[in-house]
2 protein chains.
Amino acid sequence: MTNNEIEKKLESKNVKPTAMRNLVYKTLVDSGKALSLADLEQQFEKVERSTIFRALKTFEDNFIVHTVDDGSGSVKYAVCDDDCTCNIHDLHVHFYCTRCGRTRCMKELPIPNIKLPEGYTYDNAQFIINGVCPRCD
Amino acid sequence: MTNNEIEKKLESKNVKPTAMRNLVYKTLVDSGKALSLADLEQQFEKVERSTIFRALKTFEDNFIVHTVDDGSGSVKYAVCDDDCTCNIHDLHVHFYCTRCGRTRCMKELPIPNIKLPEGYTYDNAQFIINGVCPRCD
DNA sequence: TAAGTTAGTGCAACACTATTGCATAGTTTA
DNA sequence: TAAACTATGCAATAGTGTTGCACTAACTTA
Ligand SMILES: [Mn+2]
Ligand SMILES: [Mn+2]
Ligand SMILES: [Zn+2]
Ligand SMILES: [Zn+2]
């Protein structure tokens, strides 16, 4: 993804593209998987944790990334689809490989609709499957 | 649940019932919901965090409790059914109320079976639904 | 353009969760 | 009883997430 494309993308979501934000976004896209704050921090040594953190929060608030809590102990971030508004219709299964620790969006697997008992309302959901990925099998 | 019943229960799972363990187990059962380490710690002031922690780990290892990572920031623990071996067949949906913070086992809602793409194996899963519970509605 | 205002970044500190080493107390076994 | 094991308490530690504050870059507007 070119820097230009990234800037367009962020602008289209009303986020001002800064050097840091572009870098964080590009890293997420290029990795093709969900990354934690610590993962990102490592990838570029010289950048402040809090800056990355705030970039991610901004992205999250503007439907640029969504979070995945895969039970590994740290929240991970993955890029949203273009048209994502992070509501029920955009929810999908996430796969956490217990061998390599990779977490992947299974966008082809929407979260199945569950009929809750009377009185419960449904805002959001996380469906994490733990297992071994093809790479590690 | 009487102390005697608790002791029988723990023994049936090959865990020696000690005063602390009985207390932790009883508290979990009586609460009727999933509790975090911090929740438990508060409920009985004078007990060491690490002792509770180790009791919970022992319970988990012996299929007496299972964990729920509801995204609240702390792992919660809930009592297993008698015949639970914490495998795929025992998995159920958990409901996290974003108002009161209560996490409940929805044992009546088994985790739906998902057909993963070729090459993925399935060991375990967590399906958390966030919303508002009847109490808070 | 210069001054004023806003937004982003870096640094440091902090809260909280989870976890462990080690000493001690308690229990079981030979 | 003495030896061996198990559980507990205490203290320390690592890791994650989060925030206050000062500084700088960017933008606005007179
Ligand atoms: Mn995803
Ligand atoms: Mn449960
Ligand atoms: Zn893998
Ligand atoms: Zn509630």
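All of these numbers come straight from a predicted model, not from anything done at the bench. Here is the naming used below: chain letters follow the sequence lines, and residue numbers restart at 1 for every chain.
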Base contacts versus sugar-phosphate-only contacts with protein, heavy atoms under 4.0 Å: please encode nucleotides 8-20 of chain C as B, S and - from 5' to 3'.
SBBB-----BBBB
What is the distance, to the nearest angstrom, from the [atom1] atom on [X] to the [atom2] atom on [N]?
X: A:Asp70; N: D:dT16; atom1: CG; atom2: C1'; value: 13 Å
X: A:Asn62; N: C:dA7; atom1: CG; atom2: P; value: 13 Å
X: B:Leu23; N: D:dA7; atom1: CG; atom2: P; value: 17 Å
X: A:Asn22; N: D:dA26; atom1: CG; atom2: C1'; value: 15 Å

Of all heavy-atom pairs linking B:Arg99 and B:Cys136, the shortest is NH1-O, 2.9 Å
Looking at every heavy atom in both A:Tyr77 and A:Glu60, which two are closest together, and how far apart are they?
CE2-OE1, 4.4 Å
Separation between CZ of B:Phe95 and CD1 of A:Ile114, rounded to the nearest 0.5 Å
12.0 Å
Check the side chains of A:Asp70 and A:Thr103 for a donor-acceptor pair under 3.5 angstrom, ignoring hydrogens and angles.
yes
Please state whether the rings of A:His94 and A:His66 are parallel, tilted or perpendicular, taking 30° and 60° as the class boundaries.
tilted
Might you work through the side chain to side chain donor-acceptor pair (under 3.5 Å) test for B:Asp61 and B:Thr58, ending with a clear yes or no?
CA-CA 5 Å; B:Asp61 292 344; B:Thr58 303; 5.7 Å; no
